Protein chains: 2
Amino acid sequence: MTMPYDTSAEAIRERLRACGLRPTRQREELAGLLFGSGDRHVTAEGLHREAMVGGTQVSLATVYNTLHQFTQAGLLREVVVDSGRAYFDTNTSRHHHFFNTHTHELADIHGDAISVGRLPEAPEGTRVEDVEVVVRVTPARV
Amino acid sequence: MTMPYDTSAEAIRERLRACGLRPTRQREELAGLLFGSGDRHVTAEGLHREAMVGGTQVSLATVYNTLHQFTQAGLLREVVVDSGRAYFDTNTSRHHHFFNTHTHELADIHGDAISVGRLPEAPEGTRVEDVEVVVRVTPARV
DNA sequence: ATAGCTGCAAATGCTTTGCAAGGCC
DNA sequence: GGCCTTGCAAAGCATTTGCAGCTAT
């Protein structure tokens, strides 16, 4: 579990500025939702809905833009578990995931709860950027 | 590396029939391309182009349908490495992948070349279906 | 003031679907 | 013949983009 962030309005503004992002109303609200309550896994659609329900007017396009800007700034990490939908994780440390293929829920697996041993050499002319383990699960049969 | 299949026209027809799929001209051609030359990683778009170049008239919709039918029949396996594009692998045995995020090339990592140790328990009410390791690589800096 | 953001709507890319025509058994 | 398949074109999603107007500094 990642250390909870200081989620005061000013702290969030400071964090955004530190990334070279202007603290706008929309970014502040989205950051508040994302970093205000422990580790989270969101989709653009889901975060957008949440913001709307929370009373903040944000366009879906801005949610997409913001998620990518946050990812680029290192505040988020993209998790690829579904071809057709992008997931973002507020836990940016090295770790892995359970993915429920029925409910489409993501759950963290702490980095040290899995050991990947004996990684073979990367193909000629390439270097390893990241190692991602996805454990697909389904509802247990009754 | 998987054992190469018998790729004679009749053998392919037999394989299709065994899966409950009628051996049509399109399926035979696609199966020929897929299983005719060792392990392959394809996208619908790519396989479609290949078929067209090879002189077989197949619609993209049929390529999609066929890829899914083959996957359901256990002849193919879907590999999720990119949110936005589906990849299919002719190697259906348990193994993992290198994915070049620049060239979008996939390469197999033999199942026994990586050991995933100490898998934590699946979340309440679920059972593990599959464990997939994706090693993302980029062109080495010069 | 000005460079950066936002929102809308249109465009894009991949994939699926509906339905009429064609092909396998 | 009857049912499965195909092909086309249209529809469907998730995502990106262009551009006019708004906002933080």
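Note that these values count all heavy atoms, side chains included, but never hydrogens, waters or copies made by symmetry. This structure is a prediction, so every number in the text was calculated from the model and none was measured. A note on names: the letters A, B, ... follow the listed sequences, proteins ahead of strands, and every chain is numbered from 1.
Protein chain B contacts DNA chain C from C/dC14 to C/dC25, reading 5' to 3' and using non-hydrogen atoms of the protein with a distance under 4.0 Å.
Applying the salt bridge (charged side-chain N to carboxylate O under 4.0 Å, His left out) criterion to B/E29, with sequence neighbours excluded, gives no partner residue. Residues passing the side-chain contact (heavy atoms from CB on, under 4.5 Å) test with A/R25, sequence neighbours excluded: A/T56. Residues satisfying the side-chain contact (heavy atoms from CB on, under 4.5 Å) test with B/T24, not counting sequence neighbours, are B/R22, B/Q26, B/R27. B/N65 pairs by the side-chain contact (heavy atoms from CB on, under 4.5 Å) definition with B/Q69, not counting sequence neighbours. In this structure, the side-chain contact (heavy atoms from CB on, under 4.5 Å) partners of A/S83, at least two apart in sequence or on a different chain, are B/E78, B/A86.
Defined by atom type and a distance below 3.5 Å, a donor-acceptor pair is missing between the side-chain atoms of A/E10 and A/S8.
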Please tabulate the protein-to-nucleotide N/O contacts below 3.5 Å involving nucleotides 21-25 of chain D, giving atom names and distances.
| residue | atom | partner | partner atom | Å |
| --- | --- | --- | --- | --- |
| D/dT25 | OP1 | A/R17 | NH1 | 3.0 |

Close N/O contacts between protein and nucleotides 10-15 of chain D (under 3.5 Å):
| residue | atom | partner | partner atom | Å |
| --- | --- | --- | --- | --- |
| D/dA14 | OP1 | A/R85 | NH1 | 2.7 |
| D/dA14 | OP1 | A/R85 | NH2 | 3.2 |
| D/dA14 | O3' | A/G84 | O | 3.3 |
| D/dT15 | OP1 | A/A86 | N | 2.5 |
| D/dT15 | OP2 | A/Y64 | OH | 2.5 |
| D/dT15 | O5' | A/Y64 | OH | 3.2 |

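Grouped with B/M52 in a hydrophobic cluster is no other residue, since no side-chain heavy-atom contact under 4.5 Å to another Ile, Leu, Val, Met, Phe, Trp or Tyr is found. In the hydrophobic clustering, A/V80 connects to B/V80, either directly or through intervening members, whenever side-chain heavy atoms lie under 4.5 Å apart. Hydrophobic cluster membership of A/V53, counting Ile, Leu, Val, Met, Phe, Trp and Tyr whose side-chain heavy atoms lie under 4.5 Å apart directly or via other members: none, as it forms a cluster of its own.
Aromatic pair B/H95/B/H97: centroids less than 6.0 angstrom apart.
Atom pair A/Q72:CD and D/dT16:P shows a separation of 12 Å (rounding to whole Å applied). Distance B/E29 CD to D/dT5 C1': 17 Å, rounded to the nearest Å.
Under a 3.5 Å cut-off, the side chain of A/H68 and the backbone N or O of A/Y64 do form a donor-acceptor pair.
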Inset, instruction - Dump the intermediate steps for ring-ring contact (aromatic ring centres under 6.0 Å, His included) on A/F99 and A/H41, then the final yes or no. - result: CA-CA 11 Å; A/F99 182 62; A/H41 302 101; over 10 Å; no
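Close to D/dT6, at under 4.0 Å from its OP1 or OP2, lies no side-chain N or O of B/T62.
Comparing the end axes of the helix from C/dA1-D/dT25 to C/dC25-D/dG1, each fitted to five base pairs by superposing C1' atoms of four pairs onto the next four, gives an inter-axis angle of 30° (nearest 10 degrees).
Because its NZ or CZ atom is not both nearer than 6.0 Å to the ring centre of A/Y87 and within 45° of the ring axis, A/R77 does not count as a cation-pi partner of that residue.
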